[in-house]
Amino acid sequence: MPDRLKDYLAAFDDIPGTRVYTTERARQGYWLNQFCMSLMKPENRERWRADERRYLEDWQLTDAQKEALLARDYNRLLDLGGNIYYLAKVFSTDGLSFVQAVSTMTGMSVEEYQKMMLAGGRSPDGQRSVKEGR
Amino acid sequence: MPDRLKDYLAAFDDIPGTRVYTTERARQGYWLNQFCMSLMKPENRERWRADERRYLEDWQLTDAQKEALLARDYNRLLDLGGNIYYLAKVFSTDGLSFVQAVSTMTGMSVEEYQKMMLAGGRSPDGQRSVKEGR
Amino acid sequence: MARITAGLATSHIPLIGVAIDQNRGEEDYFKPILAAYDWTRRWIIQPENKPDVVILIYNDHASAFDMNFIPTFAIGCADSFEPADEGWGRRPVPTVKNHAELAWHIAQSLILDDFDMTIINKMDVDHGLTVPLSAVFGQPKEWPVKVIPLAVNVVTYPVPSGNRCWLLGEAIARAVASFPENLNVQIWGTGGMSHQLQGARAGLINKEWDQRFLDDMTRDPQRLRAIPHIEYLRETGSEGIEMVMWLIMRGALSTQARELHRAYHVPASNTALGHLVLENVE
Amino acid sequence: MARITAGLATSHIPLIGVAIDQNRGEEDYFKPILAAYDWTRRWIIQPENKPDVVILIYNDHASAFDMNFIPTFAIGCADSFEPADEGWGRRPVPTVKNHAELAWHIAQSLILDDFDMTIINKMDVDHGLTVPLSAVFGQPKEWPVKVIPLAVNVVTYPVPSGNRCWLLGEAIARAVASFPENLNVQIWGTGGMSHQLQGARAGLINKEWDQRFLDDMTRDPQRLRAIPHIEYLRETGSEGIEMVMWLIMRGALSTQARELHRAYHVPASNTALGHLVLENVE
Ligand SMILES: [Fe+3]
Ligand SMILES: [Fe+3]
């Protein structure tokens, strides 16, 4: 019993190329994700579009989070506690679809990524466990 | 099983002089209670104090609810779906304590009510069940 | 008496909403996606099948709830719900009307059954709820059914276990069975199947795993309720976890529930579209 | 390892806060009320007793939550919480600081244990939480303990059963026991005892029933967990239901928990003030 939660969480770190949105990430990314939520209001989207840097000043973000937002570096944003459904408010505001935004995290071009999806998607083989290499 | 919820709720109606805050009352009193909540903000308390009738116009209340509010008729407000913790925002705004406000529902004067409380409160005898008269 | 007559499972991919809202169903990309629902669209409008109420199990994708407020199980009891603005304006779909009487009845029954529900009286509903309605009902002026939204946290971990979800489904079935009004009720489990929307592994699709899951919804549902979170994550991508919501639907049906229709298509956006219709054989 | 060393139960009557905030403790009316806590105030500051963290079980009285949002069990995971403005301005008491690390740990553990928690990251805390702190710690500049707020719906029916509350307490105990940091943790159950704040029956006090409840917190706690809601309502007044929150505390302690202190006084405002300190004998 004492280690159940620890074991539960530890297994998440064994998945290749994946950040599971644990409460630890939720704490780290609290303001980042709350910033993203603000873009659900049209008036905030306007302000954000007009001057991104200035809009960011209103939020208690780390410099790293601010830079990653301005650079639309979604992998980095995930590392800094962002959650994809929150970050979606940023790329939706940019007019990007989920496929377009998601592809930027894979090191593939949008076209390559779309081709992979049309061919049946990424195979799970070798992508299940770092430790077990399966 | 089919009647468990029904039985659970039916028993509440057998308690003398008591309205249990069921979901049925919660539905009936939704706007009444949300109005009360608005008085948690100092600026709304100001507006309410300045012109109660006018402030009530902003809320989807029935005429009966409005009249009972203006009359501070708390028993009636309970009948109309109010909950005591929500109504407390109204009497707190009036500067009344819980004892002062609660006594108005008992048909006793504040002094009589306080005397009863100092003497050990209202006895539960005869107050448990209408049907069983105990 | 209200009866659960059928269960429906479907992915709730935003792109399906785009295809319908923008009338792009004839494009090559979208044709097989919308075709997955052809059978269901015809079936559900038959008078003997048409539900009065759909209990729609979905998750909020950072729309109604933010990081300040994360309910594990939330049931919508308001009279109606507006489609959410998820960053590109509200979806042009009708207001969702609730069967509030039944929703409150279910909420009360679940709490008496030791489910620690959160009751919600005001919220917007996002693609998780509205896309399944569009996929099945198209573009009506009003939704032809009342909808009880039941939102599950599948975003912040730990999310509820598959088994807890199944038990919630069982309790929902008991609640519906004790509602006096004569109602044809369906329960829909949404989300899934394979998808990962983040990181280097994005785009993962596990067709084999998904197919076995679809099979076992009728062949061996008891296996499904025991699947741990880590298996969903490893095998179906980080967002495949949404399939625990299918188990709420499945738990609400009888052991002998029968498959009426199945569809599976890759890709729809980043996702493997899965769709099932189960008859509740009593 | 974190250990639950003691459980504390107390009414959370707003008037106790008034007495303390306005320094009226010397008035005849307030003397016996504050005296109920004399033993506890001395006991809790002894280094061997002083908790690092209090898990404070309380209910929100239409302060943080309104009719739009009714969680059965909500756990506060923010770093801090401000005292609520309940209609007469915020109470002049310190900000409540959380042990967020432990709060998140408990939240996660409870969800893995099939409790359908709502996680809250922003809320004000009302008299239900701050009055017990004042009664026990007086008027410090900063609260001498970290506080994890755990709010229970005891306002809109159905509220959770006494047994569900007890089971939640057991699960909290497991969660605390699995937290690696060395911490002295107390759990406080608040609310009660007899009181009715509404209608013609207001002012009801059932001393006999209350006393037996106090007795059985150590003599026969198993009886208490089976008390149905209707018994609280009939016997102790409509607001006596708050005592189910004492059962969360009691469920978190061992069978052999020992009474260290007890106080009971009528009246405090409309309420029978009950207060217990239990040692967690392991
Ligand atoms: Fe989803
Ligand atoms: Fe209280």
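Each chain gets a letter, A, B and so on, in the order its sequence line appears, and its residues count up from 1.
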For [X], which atoms come within 4.5 Å of any heavy atom of chain D: side chain, backbone, both, or neither?
X: B/Thr93; value: both
X: B/Met116; value: side chain
X: B/Arg45; value: side chain
X: B/Leu39; value: backbone
X: B/Gln127; value: both
X: B/Arg134; value: side chain

Largest heavy-atom contact set with chain B, pairs under 4.5 Å, which of [options]:
options: D/Ser238, D/Pro158, D/Gly89, D/Ala268; answer: D/Pro158
options: D/Pro14, D/Gly87, D/Gly237; answer: D/Gly87
options: D/Val266, D/Val159, D/Val155; answer: D/Val155
options: D/Gln196, D/Glu239, D/His195; answer: D/Gln196

Counting only N and O atoms by type, is there a donor-acceptor contact under 3.5 Å from the side chain of [X] to the main-chain atoms of [Y]?
X: D/Asn206; Y: D/Trp209; value: yes
X: D/Glu86; Y: D/His127; value: yes
X: B/Ser92; Y: B/Val90; value: no

Minimal heavy-atom distance between D/Val96 and D/Trp143, with the atoms involved, is CG2-NE1, 3.8 Å

If you take the centroid of each ring, where Trp contributes its six-membered ring, are [Y] and [X] closer together than 6.0 Å?
X: B/Phe12; Y: D/His229; result: no
X: B/Tyr74; Y: B/Phe91; result: yes
X: D/Tyr58; Y: D/His12; result: no

Honestly, the part of D/Ser63 sitting under 4.5 Å from a heavy atom of chain B is both

Of the listed B/Met37, B/Gln114, B/Lys41, the one with the largest count of heavy-atom pairs under 4.5 Å with chain D is B/Met37

Greatest number of non-hydrogen atom pairs under 4.5 angstrom with chain D, of B/Asp125, B/Asn83, B/Thr106, falls to B/Thr106

- Message: Distance alone, cut at 3.5 Å: any donor-acceptor contact between the side chains of B/Ser129 and B/Asp14?
- Response: yes

- prompt: Is the shortest distance from a Lys or Arg side-chain nitrogen in D/Arg24 or D/Asp21 to a carboxylate oxygen in the other one below 4.0 Å?
  reply: no

